[in-house]
Amino acid sequence: MLENSERRTVDLAGTGPSTRAVHAGTLRGPDIQPVVPPIYPSVSYMAENPDDLRAVLAGEKEGYVYSRNGNPTVAALRESIAALEGAGDAVVFASGMAAIHAALLAVGVQAGTTLVASRDLYGVTVSLLNTVFVPMGVRVVYADLTNTEEARRTIEREQPVAVYCETVSNPTLRLVDIAALAEVAHDHRALLLVDNTFATPLLVRALEQGADVSITSTTKYLSGHGDVVGGAAAGAWDVCGRMATMGVFVGGIAGPFEAWLTLRGIRTLGLRVPRQCSTALAIAHMLEAHPKVARVHYPGLPSHPQHELATRLLGGRYGGMVSFELGEDTTEAACRVLGALELCLAATSLGDVFTLLLHPVSSSHLTMSPKDRERAGVKPGLLRISAGIEDDADVLADLAQALDRA
Ligand code: PLP
């Protein structure tokens, strides 16, 4: 490992998340001092001799042999995300789903074990659990983990190997008290895995709150420009070692081009997210006053049932995601609103520079059964908004005219 002085990296001890977003993960070395790290597309790397190659592959020596095992550009992204999360290490994957899969395996979710999972989860995560892990022999018990007392009773009763939740849930924006849930999980020797995609490590550092693994779909806020799919999971060295091994064996690793784009996106995270939070708050207020809207879900509104927890957990900014229920609770009404948009885009994904609207029943939560959707509060007339970085007035005007016309 090179000393900081040789690498010309900045000492990040005690710095804030925006500084880390800019300065961590630079790939500088004694012979080369680029401000921006290069892309290393090479699949393989030459070794001095076979023993060196063996030592690198065995993890006894630092270096690169083959890109599925390790790549310098990917390593720079790992360093950047670990710094953002305040983690020992981070492992990056080809998608958020690959990160979730690897993290679950790495913490010991396997045949004969029990996983307690939140009822409020991204639909594809529920499908991963029900169609991959359950047939493998894992017992998955769903509970309302936004209610710490229900979480305690379920964990006491089920004695799971791990507990899985989202900091801010997709799409109903319910919050989990991470610190309280971590305490309950650890009392029962279970590890806590948190999908922190909606909150981002800029607003919530789940590991500092007690979580064991913090997972992010880097497709969203971290890359931030809607042009790269990726995922990351951060945690202690031992868990990350196992996740990295999962990456090597299962193969869902991040490629160098994707890693580079994600790193470029992360540099402006500290500018984009606060802007998206303030636009989301303005959208939430506008929607709350609109006659066609029955209910707005936004943690920053005093009407949100967990507003107090949100203030504590998210540190006074409430995220860039808003969802709302139309008075006419039908898919047709939701589609009419999407069809009337002129500036905001009706598209999947979130966390981009573009303001995006999505109908969860027909997209993000399509693969969930209607019963599971109903239990998670995903209604036909629910729409989800991801605030972009356009001018607030333009976004508000477009949403208002779409609602008026629909
Ligand atoms: N977690 C959450 C909360 C998500 O919203 C998504 C995707 O929308 C994922 C995980 C999966 O991420 P990816 O699409 O990068 O696989």
Side-chain angles (χ1 to χ4, degrees), residues 77 81 90-104 117-129 131-133 145-146 164-176 178 193-201 203-204 206 211 213-234 243 246-247 250-255 258-259 261-262 265-266 273 276 297 299 319-323 345-352 354 356-368 373 376-378 382-387:
L77 177 60
I81 291 174
V91 185
V92 294
F93 296 90
S95 68
M97 292 315 302
I100 294 169
H101 178 243
L104 287 166
S118 172
R119 220 168 255 142
D120 293 276
L121 291 179
Y122 171 51
V124 180
T125 304
V126 175
S127 301
L128 170 71
L129 296 177
T131 62
V132 176
F133 282 91
L145 301 185
T146 66
Y164 188 95
C165 68
E166 291 173 6
T167 321
V168 180
S169 72
N170 181 359
T172 50
L173 304 174
R174 285 195 268 239
L175 276 66
V176 168
I178 305 291
L193 286 80
V194 175
D195 180 336
N196 199 33
T197 300
F198 271 37
T200 81
L203 301 185
V204 176
V213 181
S214 175
I215 301 164
T216 309
S217 164
T218 56
T219 313
K220 313 296 172 2
Y221 288 98
L222 266 59
S223 66
H225 293 71
D227 53 12
V228 57
V229 174
M243 289 192 291
M246 290 303 159
V250 181
I253 50 142
E258 287 78 6
L261 274 175
T262 306
I266 287 174
V273 170
Q276 288 161 315
H297 303 273
M321 303 299 298
V322 183
S323 60
L345 307 174
T348 55
S349 203
L350 61 111
D352 292 3
F354 312 97
L356 302 174
L357 271 83
L358 162 152
H359 180 231
V361 164
S362 35
S363 50
S364 58
H365 290 65
L366 178 68
T367 58
M368 254 170 114
R373 270 205 299 260
V378 183
L382 182 85
L383 284 165
R384 191 190 82 185
I385 304 176
S386 168

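Just so you know, ligand 1 is whichever comes first in the structure, and atom 1 is the first atom listed for that ligand. Remember, it's a predicted structure, so these values are computed and weren't measured experimentally.
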query = Quick one: ring pair (Phe, Tyr, Trp, His ring centres under 6.0 Å) partners of His101, sequence neighbours excluded?
reply =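 Ring pair (Phe, Tyr, Trp, His ring centres under 6.0 Å) list for His101, sorted by chain: Phe133.
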
key: Which residues share a salt bridge (charged side-chain N to carboxylate O under 4.0 Å, His left out) with Arg373, sequence neighbours left out   =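 Salt bridge (charged side-chain N to carboxylate O under 4.0 Å, His left out) list for Arg373, sorted by chain: empty.
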
Ser127 vs Thr367, side-chain hydrogen bond (donor to acceptor under 3.5 Å, both in side chains): CA-CA, chis, key distance, verdict = CA-CA 7 Å; Ser127 301; Thr367 58; 2.7 Å; yes

Report all N/O contacts between ligand 1 and the protein shorter than 3.5 Å as a table of atom names and distances to 0.1 Å; if there are none, say 'none'.
{"residue": "ligand 1", "atom": "1 (N)", "partner": "Asp195", "partner atom": "OD2", "Å": "2.6"}
{"residue": "ligand 1", "atom": "5 (O)", "partner": "Asn170", "partner atom": "ND2", "Å": "3.0"}
{"residue": "ligand 1", "atom": "8 (O)", "partner": "Lys220", "partner atom": "NZ", "Å": "2.8"}
{"residue": "ligand 1", "atom": "12 (O)", "partner": "Ser217", "partner atom": "OG", "Å": "3.0"}
{"residue": "ligand 1", "atom": "15 (O)", "partner": "Gly96", "partner atom": "N", "Å": "2.9"}
{"residue": "ligand 1", "atom": "15 (O)", "partner": "Ser217", "partner atom": "OG", "Å": "2.8"}
{"residue": "ligand 1", "atom": "15 (O)", "partner": "Thr219", "partner atom": "OG1", "Å": "2.6"}
{"residue": "ligand 1", "atom": "16 (O)", "partner": "Gly96", "partner atom": "N", "Å": "3.0"}
{"residue": "ligand 1", "atom": "16 (O)", "partner": "Met97", "partner atom": "N", "Å": "2.9"}

ask   = If only atom types and distance count, is the side chain of Ser386 paired as donor or acceptor with the main-chain N or O of Leu356 below 3.5 Å?
value =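 Absent.
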
query = For Ala90, which residues count as a side chain to side chain contact (heavy atoms under 4.5 Å, CB included) partner, sequence neighbours excluded?
reply =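 Expected list: Ile81, Ala82, Ala234.
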
For the student: nearest non-hydrogen atoms of Ser364 and Leu358, plus distance =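 Shortest heavy-atom separation between Ser364 and Leu358 comes out as OG-CD2, 3.5 Å.
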
